Amino acid sequence: MPRRATKQAAASAPAERGADALARYREKRDFAATPEPRGRGAAGRRGAPKKPAPARLRFCVQKHAARRLHYDLRLELDGVLLSWAVTRGPSLVPGEKRLAVHTEDHPLDYLTFEGLIPEGSYGGGAMIVWDEGTWEPEGDPAEGMRRGRLTFRLEGERLAGRWHLVRTGAGKERRASTKENWLLLKSDDEAARAAGDADILAEADTSVRSGRTIEDLKSEGVRRADWDEKQADPKAKPSARTTSSTKAKAARAAKEKPAADPRAALDPATVTGAKRGKLPPFVEPCLATLSEVAPTGEAWLHEIKFDGYRIQARIANGRATLLTRKGLDWTSKFEPLAHALSQIVPGSAVVDGEAVVEDTRGVSDFGALQAALKAGDTGCVVYHAFDLLHLDGVDLTGAPLAERKRLLALLLDDAPAGGAVRLSEHIPGNGEAMKRHACRIGLEGIVSKRADRPYRSGRGEDWRKTKCSARQEFVIAGYVPATNRRKAVGSLVLGVYEGTDLVHVGRVGTGFTEADAKALHDAIEAVHADAPPFAAPLPRAAAAKVRWARPALVAEIELRGWTADGLLRHASYKGLREDKDPREATREAPPADETSAAKKTRARTVAQDPYAGIRLTSPDRVLWEGQGITKQGLADYCAEIADWILPQIANRPLALIRCPAGSQKECFFAKHPWAGLDEAVLTPTIGDDAIVAIRDLRGLMSLVQFGTLEIHPWGSTLDDPERPDRLVFDLDPGEGVGFPEIVDAARTVRERLAADGLESVVKTTGGKGLHVVVPLVPKAGWDEAKAYAAGLAAAMAKDEPARFTDTLAKKARTGRIFVDYLRNGRGATAVAAYSTRARPGAPVATPLAWEELGPEIAPDHYSVTDIPIRLAHLTRDPWAGLDAVKQTLPKAKTSSKAKPRRKPG
DNA sequence: GCAATCG
DNA sequence: CGATTGCAACGCTCG
DNA sequence: CGAGCG
């Protein structure tokens, strides 16, 4: 990667706006992202201090009063307060939030960084990867922002070392408190200065990176306008700054002040492209054009694509009106939002954004939004504002996007913490990288926008959307009644417009809850028609049993692509779109992206009806009510991920959890063959027991047909059932143990295994814990394997009894993690990677790369709905090479610290 | 989901 | 003839 | 010693 441009200082003029500022921002970001070899930083090139001196750096993050997601960070370097702002950006790393520097103006001009804030922050946790580094949280996650250890590397040895991020004050009442301080404290290492030492500024008063001094920066005008107020912080250490304080104040009074105040900043003369104008009744929204590949380059910025309703908020004299894409007034449907907006915007404005409901992962959920709308309970609706078209008598549609967003950010500064109105953050630069990350963690996609362009109504090339999965609107042309219920749909018949012709594209039979199925039934019956609405006649099979409808309803459908004859592949219903015109439902291109790992997932194009030779009975039975996943939907899932799950389960004895009536009805364990099994299901005998095994998709489909919701293989294969080729350590949180501790535990297990020369991989279980899996060459028998596992668990419990226990006694487990080794006995099983779970939410046990394992990936993070999308965007299999690992259990001793406390097998 | 068994 | 009922198993703890 | 629990 090329080094950043060298003209950074020259580019720091205060009047800088729009694309220039963005470019500079990008430059900094790229610096932060550049894995630079140590020791040759810019400090050297820019003229670092003659005597590199150790720094005493204090880092204080102070929440602005009543602000959410917007902090001022203060960096106190040897008594000089430095200040810059960050806001929370989109999640790019699974389960984590990215912090991106938001304000460029700070004296240490290179201080761009990326930070990681675990879910829920703020308040949640923190935080920073600087150049490169790690954040290890400590203590009780329930405290919200946590203590932890932050390790990172900075260019410039003055800043190197070990750091602690500590929250002070506020406590649990942080929500109510406007004072919340964070201190980033450097350890007392060899670089630290003693209390009596001379002020470091006497020795070195320059930026370690640029070599510039505060005075330099002041004269260049790069200091923040609100500098001096910041310094009023009583915690700030008075020092060299006092001398420059008055001068700075005077300088600020001139022109820097407006930058901090949106209204003052709004002088149309200072905002490119802005002009005076009346508050318009409605601005035709700008629509993004679907793009297969996300654009990349400094001209673009990228936002998360939200899954909700596009809403234009028109605030006139403090009263908000909420308008849909077509200008319909939905204020009454989103009353709480309107109220919240009225609170935040005192004057007049037109804000563009998306109303969504977030699921527990912070991912927007269209279905949940619809449910909320229907129930009339829109209190949980969040408005992500992403554009500002008008503000207090100034028409901003002519201003560049970067400028509009800057003003929007200022406008929303006062949005209350945890409030319903949030700024949609953006990341500039590499859209594809952002998209891939977004897709891996279950987001819908990204929207890329030209930062330098004005707001143009209608669909244009300045805004582009790139989706993780093909997802679009279709016209509902009819339905097939449910086979097992009355007055409910079993599947929908869909069409798209090609010109004025409605064209048949097939059916969708999953994704609607039982409630949806009933509501759809009623809605479609209300527009019933006697004949198909399609322009061309249909094949007889496609028309069988269908109740037709006028082309009045629009459904949002997710699909995995199209078959050769133009029909939907693996379609899933997402909701009715009342805000969309049926005429707009045209065929969109599927996402082109297919990474090498994704090829496994591709094109299991299986004929709709007998699926891999298996006939599904009651395909419209809803197996997971919350997600509306039907038996057909489960079959689709299995077909799609077959190449991923089959290596985990094929040719192994299986235990199955079957729930023929659905995940929340009666389930039972099945281990022995039963009547009706397809011939693709093997029923060999091990010992005296007949067992079940499969070896291909057809076998898997047969299991689906019998209501198999979970698949638990042995840790050995049919070839050699008595000698395990997998060990599994199940890390089970006791009462009151949070997931971050489980993550640490998994890493501990990994380390202990590594100490014995064993490689391991990790997966979520879809439940509360994690599994650490050890591949083995089948050699040792079950007794030995179990003894080894027991030994490792016992060693962990012995060495760190506060963290671990190896007894499954409930009492011993509160506050600890049960290291369950019992899955390593003969006949014992553990849930397979990629198996669904018979639990609410349709979670899936998901293999992760060790690097992906962060404290904020919930163990039930991934579900049937998003696993196919995740897999399609992986660049490599997280468990790649598992079978290539050739390793055996060490002889008769367990991990290094362990006292051998076990009877030999 | 299916079949054996119960009432 | 419709309704009801299994459909694993093993070590370990707790009552 | 049997029921309960993963």
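Letters A, B, ... are given to chains in the order of the sequence lines, protein chains preceding strands, and every chain is numbered from 1. Quantities reported herein were computed from a predicted structural model and do not represent experimental measurements.
- Identified under the salt bridge (charged side-chain N to carboxylate O under 4.0 Å, His left out) test for residues 618-632 of chain A, with sequence neighbours left out: none.
- With sequence neighbours left out, Ala842(A) forms a side chain to side chain contact (heavy atoms under 4.5 Å, CB included) with Trp624(A), Gln627(A), Ile629(A), Val864(A).
- Residues from residues 705-733 of chain A that place a heavy atom under 4.0 Å from any atom of DNA chain B, listed by number: Gln705(A), Phe706(A).
- For Asp689(A), there are no salt bridge (charged side-chain N to carboxylate O under 4.0 Å, His left out) partners at least two apart in sequence or on another chain.
- Counting only residues at least two apart or in different chains, salt bridge (charged side-chain N to carboxylate O under 4.0 Å, His left out) contacts with residues 709-723 of chain A comprise Glu710(A)-Arg837(A), Asp720(A)-Arg723(A), Glu722(A)-Arg826(A).
- Once you apply a 4.0 Å limit to the heavy atoms of chain A, the touched nucleotides of DNA chain B run 5' to 3' over dG1(B) to dA3(B).
- Sorted pairs that involve residues 741-788 of chain A and meet disulfide (SG to SG under 2.5 Å), not counting sequence neighbours, are lacking altogether.
- Residues in residues 703-727 of chain A take part in these ring pair (Phe, Tyr, Trp, His ring centres under 6.0 Å) pairs, two or more places apart or across chains: Trp674(A)-Phe706(A).
- Listed by first and then second residue, the salt bridge (charged side-chain N to carboxylate O under 4.0 Å, His left out) pairs that reach into residues 651-663 of chain A are Arg652(A)-Asp725(A), sequence neighbours excluded.
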List the atom pairs, with distances to 0.1 Å, where a side-chain N or O of residues 769-781 of chain A and a protein N or O form a donor-acceptor pair under 3.5 Å, not counting sequence neighbours.
from      : atom 1 : to        : atom 2 : distance (Å)
His771(A) : ND1    : Lys763(A) : NZ     : 3.3
His771(A) : NE2    : Asp730(A) : OD1    : 3.4

Sequence-aligned protein contact record of nucleotides 5-10 of chain C, with B where the base is within under 4.0 Å of a protein heavy atom and S where only the sugar-phosphate is
--BBS-
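- The ring pair (Phe, Tyr, Trp, His ring centres under 6.0 Å) search around Tyr834(A) returns Trp644(A), not counting sequence neighbours.
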